Structures are given as structure tokens and as C-alpha cells.
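One structure is given below, encoded as C-alpha cells.
Throughout, protein chains are lettered first and strands after them, A, B, ... in sequence-line order, and every chain is numbered starting at 1. Bear in mind that the values here come from a model prediction, so they are computed numbers and not experimental data.
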Protein chains: 2
Amino acid sequence: MPNNQFKRGELYSFITGKASTAIGRRLQKNFKEANVEITIEQWSVLYHLWKQDGLSQQQLCDATFRDKPSITRLVDNLEKLKLVKRVASKDDRRMNMIYLTNEAQVLQEKTMGLANQTLNEALGGVTIEEIEIAKMVLQKVYDNLS
Amino acid sequence: MPNNQFKRGELYSFITGKASTAIGRRLQKNFKEANVEITIEQWSVLYHLWKQDGLSQQQLCDATFRDKPSITRLVDNLEKLKLVKRVASKDDRRMNMIYLTNEAQVLQEKTMGLANQTLNEALGGVTIEEIEIAKMVLQKVYDNLS
DNA sequence: TTTATATAGTTGTTTAAACAACTATATGCC
DNA sequence: GGCATATAGTTGTTTAAACAACTATATAAA
């Protein structure tokens, strides 16, 4: 039982909590100070639309690792903020394609700078190699459970 | 700018999302299949009380990296489930000391087994050394932002 | 063609996170 | 002692996650 050499509950709380909530809180705080009035969850959806506009809600589910109801409501809220709009697909009328508004495109540069700054703050004193290993571990955890 | 060699948004979603939600979902599912009717957030509070009973709410905040309102409500719900009880401290009447009920103590062995099993599933194919590095990275992220 | 099944998205409900504003008790200083 | 300040906990509000149940459209099989 080689894996029994560390405290499992501790690792559990590391993976599920500490770092994740700390980085989320800091990014939210950095947004607030720059008068960016969106949540980090909303930002994580916009992030994928900035990479590729016009994704379906299902594609956003896959990209953000959320379920469909979660994306429905995040898109609802982004639509209320006039940052995206739903456009029914002509090919497949079940699908909503989600498009960024001009307003959302203006947010991109501003928030990407803040996200980079936040990650620089977060990753101080950590080497690239260590980051790569951490990414790999988290990816394997995800793959093992999916 | 050595840290610019990876995609920051991707790392962000690794740290804040994927692995964390996957492991939480799996643990919740394992609880459900064993007819353990608590949430993983409630479990994470019980976990610290099993290590040391009679913690104050503030101590639970520190242990679980949650804020005070979050702990107030988690303790509310655990009290409704008759798993803990609040006892006003005699030394300092501002404090509630949180004690496990017998019912909660019965849960310990059962759920610790499920948590270990979940972590074994999650960490398949990852070495101890890699786990230690991942823990260290997440700890540094937390420390950098706290 | 109609019937079954899969897929895309929505709605309802419970639980929790984050933040601000609040009450109550304790402590330190004059 | 009395006042300022710090600490412990609660309440209100918004946003989101998870899950089940649901509607609507598309696809495949009989």
C-alpha cells in the first residue's frame, strides 16, 4: 500500500479546497479592484468563448467541466449582463450557439491581464517543472475518475 | 518571464476546477452508494472533528479554509442531521464548541474507508514523489495568496 | 412511418461559497 | 470604570454546483 504514506484527508482538502478557493478568491478580488463586475465562473465561460466564439452550450459543458444545468444558468447570467447572446442553430434546432457581444470582447484583454497577474502571484517560488508535474497529477486524477 | 511557457487559463481551470470537482463528485457518489447521506462539505467538517472533537467554529474555519458564515451554515446543517451539537464555551461565552454525537462517531470508520478508496481510485498511476510535488505546489499557491 | 432512443437544453430543489452588515462578548487602554 | 477595538458567531443576499425530472428535436431501427 505505497499510497498510505501520506494523510489522505489532508491531500483531499488540498485537491478539493485550499489552493482552488484561494486562487478563485484572489482573482475575484483583482477583478473587483479593476471594476470588472463578473464572477470567476462567468469569466471561465468567457475564457473559452474568447478562444473560440460560437460554441454550443454542450461544448461549453465539455470545456469547463460543468454539467448542463450549470451552463444554462451561467449563460442566463451572462446574457443578463449582455456579455453573450444565445442564437438557435439552423442546422440543429436543439442547439444554442453562444456568441460574445462587443462588450464581452472589450473585457478580454483587461481580464486576461488580471488572470496572468493572479497566476504570477499564485505561482511565485514554483518552478516550471513542478508546475508541469502538478498539472499532470491533477489531470490524472481527473482522468482516473471520468 | 519563465512562467509564460504554459497556457495560464488551462492551468487556472486545472487548479480551480477539474480534479477538484471530479474527486468531490466521486466521493459523493461513493457515499451515496453506501447510503451515507451527507455532503462532502459536511464530511470535511466532520473529518476535522474526528481528529479532534470539541473545536470552536473559528477553529473549523481555519482547518477547512472556509469563512465564518460558511461554517455557521455547515454546522447548522450538521446539527439538523444530529451529527454535531453546539455547546457554548464556559470560558468565553462568544464561542461555540462543536461536539460529535454518537451517530457521527459511527460514521467515521465507514466514511474514512470510502475516502481512502476514492483517493486510491483518484491517484492510480501517480507516484508518491509526484503526489508530494503536487501537494507542495498547491500549498505554495495557497501560501502565496494568503 | 412510427416507434424507440439519444441528444440539447431547461426548471426545481437543496446545499454551499462569498461578501457585507450585523449582534454579542472579551480585552486593552485611559 | 468606561470607551475603543478585536474576536466569535449570525443573518441576508447573490451566485453557483449537483442532481433529478422534464421538454423538444434529431436519429436509427422496425
(request) Run the numbers on L114(B) and Q117(B) for side chain to side chain contact (heavy atoms under 4.5 Å, CB included), then give the verdict. (result) CA-CA 5 Å; L114(B) 292 168; Q117(B) 173 198 324; 3.8 Å; yes
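Listed nucleotides dT11(C), dC19(C), dT25(D) differ in distance to P69(A); the shortest reach to its side chain belongs to dT11(C). Checking dG12(C), dG9(C), dA16(C) against the side-chain heavy atoms of R73(A) singles out dG12(C) as nearest. Listed nucleotides dA18(D), dT11(D), dA20(C) differ in distance to K32(A); the shortest reach to its side chain belongs to dA20(C). Listed nucleotides dC19(D), dT25(C), dA26(D) differ in distance to D92(A); the shortest reach to its side chain belongs to dA26(D). When distances are taken from the side chain of R94(A) to each of dA8(C), dC19(D), dT11(C), the shortest belongs to dA8(C). Nearest nucleotide to the side chain of S70(B), out of dA26(C), dA8(C), dA17(C): dA17(C). Taking the side chain of S56(A) as heavy atoms from C-beta on, and the options dG9(C), dT25(D), dT25(C), the nearest nucleotide is dG9(C). Ranking dA8(D), dA16(C), dA8(C) by closeness to the M95(A) side chain, first place goes to dA8(C).
Rounded to whole angstrom, the span from the CD1 atom of I98(B) across to the C1' atom of dA8(D) amounts to 11 Å. Rounded to an integer number of Å, the gap from I23(B) CD1 to dA17(D) P is 18 Å. Atom P of nucleotide dA16(D) and atom CZ of F65(A) are separated by 19 Å, given to the nearest angstrom. Whole-Å rounding puts the D67(A) CG to dT7(C) C1' distance at 15 Å. Rounded to an integer number of Å, the gap from Q58(B) CD to dA8(D) P is 5 Å. The CD1-P distance, from I71(A) to dT10(C), rounds to 11 Å in whole Å. One can place NZ of K68(A) at 13 Å from P of dA6(C), the figure rounded to the nearest angstrom. In this structure, the CD atom of Q42(A) is 14 Å from the C1' atom of dA17(C), given to the nearest Å.
Salt-bridge annotation for D76(A) and R86(A): present, with a side-chain N of the basic residue lying under 4.0 Å from a carboxylate O of the acidic one.
Between Q57(B) and dT10(D), a side-chain N or O to OP1/OP2 separation shorter than 4.0 Å is present. Not one side-chain nitrogen or oxygen of N77(A) sits closer than 4.0 Å to the OP1 or OP2 atom of dT14(D). Contact check, R66(B) against dT15(C): no side-chain N or O comes under 4.0 Å of OP1 or OP2. For the OP1/OP2 pair of dA17(C) and a distance below 4.0 Å, the side-chain nitrogens and oxygens of R25(A) include no atom meeting the criterion.
Taking for each of R86(A) and K29(A) the nucleotide of DNA chain C with the nearest heavy atom, the 5'-most of the two is the partner of R86(A).
Here T72(A) lies in heavy-atom contact (under 4.0 Å) with a base. Note on N96(B): only backbone sugar-phosphate atoms sit closer than 4.0 angstrom, heavy atoms only; bases stay farther off.
Note on M97(B): it does not cluster hydrophobically with L100(B), by side-chain heavy-atom contacts below 4.5 Å among ILVMFWY residues.
With rounding to the nearest 0.5 Å, the separation of CD in E132(A) from CD in Q139(A) is 11.5 Å.
The nearest pair of heavy atoms linking G124(A) to N144(B) is O-ND2, 2.9 Å.
With a 4.5 Å cut-off on side-chain heavy atoms, L49(B) and L60(B) count as touching.
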